[in-house]
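Notes follow once the structure below has been shown.
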Amino acid sequence: MRKLDIVEIERIKRETPTVKSIFFDWKEEFKPGQFVMIWIPGLDEIPMAIAREDLEFITVKRRGEATEALHEMGVGEKIGVRGPLGNSYSLKDEPILMVTGGCGGASLIQAVYSAEKEGKRIFCCLGAETEEELLFKERLSEKTDLRIATDDGSAGREGLVTEIASEVMDSEEIGSVVTCGPEIMMKKVVNMARGRDIPVQASLERYMKCGIGICDSCSINGKQVCKDGPIFDGAELKEMDEFGRFERTKEGLLKEI
Ligand SMILES: Cc1cc2nc3c(=O)[nH]c(=O)nc-3n(C[C@H](O)[C@H](O)[C@H](O)COP(=O)(O)OP(=O)(O)OC[C@H]3O[C@@H](n4cnc5c(N)ncnc54)[C@H](O)[C@@H]3O)c2cc1C
């Protein structure tokens, strides 16, 4: 089991009205797509994707008690970091098309940094409800061929990110697709890629307690998202009839998405 490191928050960056990045000095080796368990002293421990610029950072969307507590924390306060955990993206087949919405960019940003460093060509389709909720718009536009869709048309195409992703899959010779974001979006992206015989990977989110394959809270069709995932490929996802249909509650019950 990975040890728990206590780190001090060194910098905080507001990314969107509901998302903040929290930077700290951690220095552990990790691969793109891996995650850490973040311990908020006295409250909870939750999974978060890990990334690195000058410092290591997590990017947190405000959702419930634990993420709200992280949003309230300030520079100099301490959190626990346990990891890295889970598997990582395979980024070998280029050009790579990354499709993301919501807070999915938190997991994909490290994949962008790694693929760019290796000189890979990257297309990115980024979606959000409104322009102000587009996560990492500037960083992604510097490093990828970026296409944008918003529900209200305030930036890019008015409509769903899957529509522009479908166009890129048809107009470019895409080597592989990776996706992270709302599960309904990922399900569509996986189906679109599989239908065109393009290798595809999706990073799944399920409620997690231990992060190391003991508690089984994150189970999906017999696989554990924390240990077998969080990234699954098209063939694995095809076998998972819960994907895009059911999640599990904190009590372990199946619930329709
Ligand atoms: C591998 C992995 C990596 C993740 N990386 C990030 C990240 O980089 N940034 C980020 O902001 N979030 C990430 N998440 C999700 C994050 O862990 C949850 O949002 C967080 O645990 C919610 O805790 P909370 O106490 O704030 O909300 P809660 O009070 O626990 O929940 C608030 C609401 O969100 C829903 N919810 C909570 N957790 C999940 C979940 N895992 N899947 C679906 N719905 C959920 C609940 O049903 C509830 O409606 C990741 C999850 C996983 C599994």
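- The SG atom of C215 sits 8.5 Å away from the OH atom of Y207 when rounded to the nearest 0.5 Å.
- Between the T144 side chain and the S141 main chain, no donor and acceptor come within less than 3.5 Å of each other.
- Contact check for M185 versus T162: side-chain heavy atoms found under the 4.5 Å cut-off.
- Checked for salt-bridge contact, E116 and R139 miss the test: no charged N lies under 4.0 Å from a carboxylate O.
- I9 and L4 are not part of a single hydrophobic cluster, where members link through side-chain heavy atoms under 4.5 Å apart.
- A donor-acceptor contact shorter than 3.5 Å links the side chain of K20 to the backbone of H71.
- T16 and E133 share a side-chain donor-acceptor pair at under 3.5 Å.
- Other residues, nucleotides and ligands place no more than 12 heavy atoms under 6.0 Å from the NZ atom of K31.
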| request: Would you please test F57 and K13 for side-chain contact (heavy atoms from CB on, under 4.5 Å) and show each step? | output: CA-CA 10 Å; F57 67 99; K13 182 171 191 286; over 6 Å; no
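- When side chains are defined from C-beta on, Q201 counts as touching S90, because their heavy atoms get closer than 4.5 Å.
- With hydrogens and angles disregarded, a donor-acceptor distance shorter than 3.5 Å links the side chain of Q34 to the backbone of G86.
- With E56 contributing its side chain and W26 its backbone, the two residues share a donor-acceptor pair below 3.5 Å.
- Within the 3.5 Å criterion, the main-chain N or O of G64 finds a donor-acceptor partner in the side chain of T67.
- Using a 4.5 Å heavy-atom threshold, the side chains of D25 and K27 count as touching.
- Residues C125 and V168 come closest through the heavy atom pair SG-CG2, 4.0 Å.
- A salt bridge links E167 to R157: at least one charged side-chain nitrogen sits closer than 4.0 Å to a carboxylate oxygen.
- A ring pair (Phe, Tyr, Trp, His ring centres under 6.0 Å) check over residues 110-169, counting only residues at least two apart or in different chains, returns nothing.
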| request: Assess whether side-chain contact (heavy atoms from CB on, under 4.5 Å) is satisfied between I40 and I46, documenting all intermediate values. | output: CA-CA 8 Å; I40 304 131; I46 58 169; 4.3 Å; yes
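- Taking CD1 from I38 and CG from L70, the interatomic distance works out to 7.0 Å, rounded to the nearest 0.5 Å.
- No more than 12 heavy atoms of other residues, nucleotides or ligands shown are found within 6.0 angstrom of CD on E129.
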| CA sep, side-chain torsions, deciding dist, call: F35, C226, side-chain contact (heavy atoms from CB on, under 4.5 Å) | CA-CA 9 Å; F35 68 99; C226 68; 4.0 Å; yes
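- The shortest side-chain heavy-atom distance between E183 and R206 falls under the 4.5 Å cut-off.
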| task | Could you give me the CA-CA distance, side-chain angles and deciding distance for L254 and E242, then say whether side-chain contact (heavy atoms from CB on, under 4.5 Å) is met? | result | CA-CA 9 Å; L254 279 180; E242 289 174 27; 3.7 Å; yes
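- Under the 4.5 Å side-chain heavy-atom criterion for Ile, Leu, Val, Met, Phe, Trp and Tyr, V190 and I164 are members of the same hydrophobic cluster.
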| said: Between T18 and K61, does the side-chain hydrogen bond (donor to acceptor under 3.5 Å, both in side chains) criterion hold? Intermediate values first, please. | reply: CA-CA 6 Å; T18 60; K61 185 168 177 79; 3.0 Å; yes
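- Checked against salt bridge (Lys or Arg N to Asp or Glu O under 4.0 Å), D54 has the following partners two or more places apart in sequence or in another chain: R11.
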| field | Criterion side-chain hydrogen bond (donor to acceptor under 3.5 Å, both in side chains) on S166 and R196, from CA distance to verdict | value | CA-CA 10 Å; S166 169; R196 292 166 173 87; 3.1 Å; yes
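- Both F232 and F243 are assigned to one and the same hydrophobic cluster, defined by single-linkage of ILVMFWY side chains at heavy-atom distances under 4.5 Å.
- Among pairs with a residue in residues 223-238, those fulfilling side-chain hydrogen bond (donor to acceptor under 3.5 Å, both in side chains) read D216-Q224, at least two apart in sequence or across chains.
- A distance of 4.5 Å separates CG in D241 from CG in N221, rounded to the nearest 0.5 Å.
- Connection of V36 to M208 is not established within any shared hydrophobic cluster, with ILVMFWY side chains joined at heavy-atom distances below 4.5 Å, either directly or through further cluster members.
- Hydrophobic cluster membership is shared by Y89 and I109, with clusters built from Ile, Leu, Val, Met, Phe, Trp and Tyr side chains linked at under 4.5 angstrom.
- Within the 4.5 Å cutoff, the side chain of C124 has no heavy atoms near those of the V112 side chain.
- When side chains are defined from C-beta on, R82 counts as touching I212, because their heavy atoms get closer than 4.5 Å.
- Side-chain contact between L204 and M186: present, with at least one pair of heavy atoms (C-beta onward) separated by less than 4.5 Å.
- For the atom pair E131 CD and L134 CG, the distance stands at 6.5 Å (nearest 0.5 Å).
- A donor-acceptor pair under 3.5 Å is absent between the side-chain atoms of E132 and the main chain of P17, judged by distance alone.
- You'll find the side chain of D5 reaches within 4.5 Å of the side chain of E28, heavy atoms only.
- Of all heavy-atom pairs spanning F30 and P84, the tightest one is CB-CB, 3.7 Å.
- Annotation: salt bridge (charged side-chain N to carboxylate O under 4.0 Å, His left out) contacts involving residues 63-73, sequence neighbours excluded, comprise R62-E72, R63-E205.
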| message | Could you walk me through whether T130 and T150 satisfy the side-chain hydrogen bond (donor to acceptor under 3.5 Å, both in side chains) test, starting with their C-alpha distance in whole Å, then the side-chain angles of each, then the deciding distance to 0.1 Å, before giving a yes or no? | response | CA-CA 5 Å; T130 62; T150 49; over 6 Å; no
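- Considering CG of D170 and CD of E173, their distance stands at 11.0 Å, rounded to 0.5 Å.
- For K117, the salt bridge (Lys or Arg N to Asp or Glu O under 4.0 Å) test picks out no residue, with sequence neighbours left out.
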For residues 91-106, please give each side-chain donor-acceptor pair under 3.5 Å, one per line with the distance, not counting sequence neighbours.
from	atom 1	to	atom 2	distance (Å)
E94	OE1	R121	N	2.7
T100	OG1	G105	N	3.1
T100	OG1	C180	O	3.1

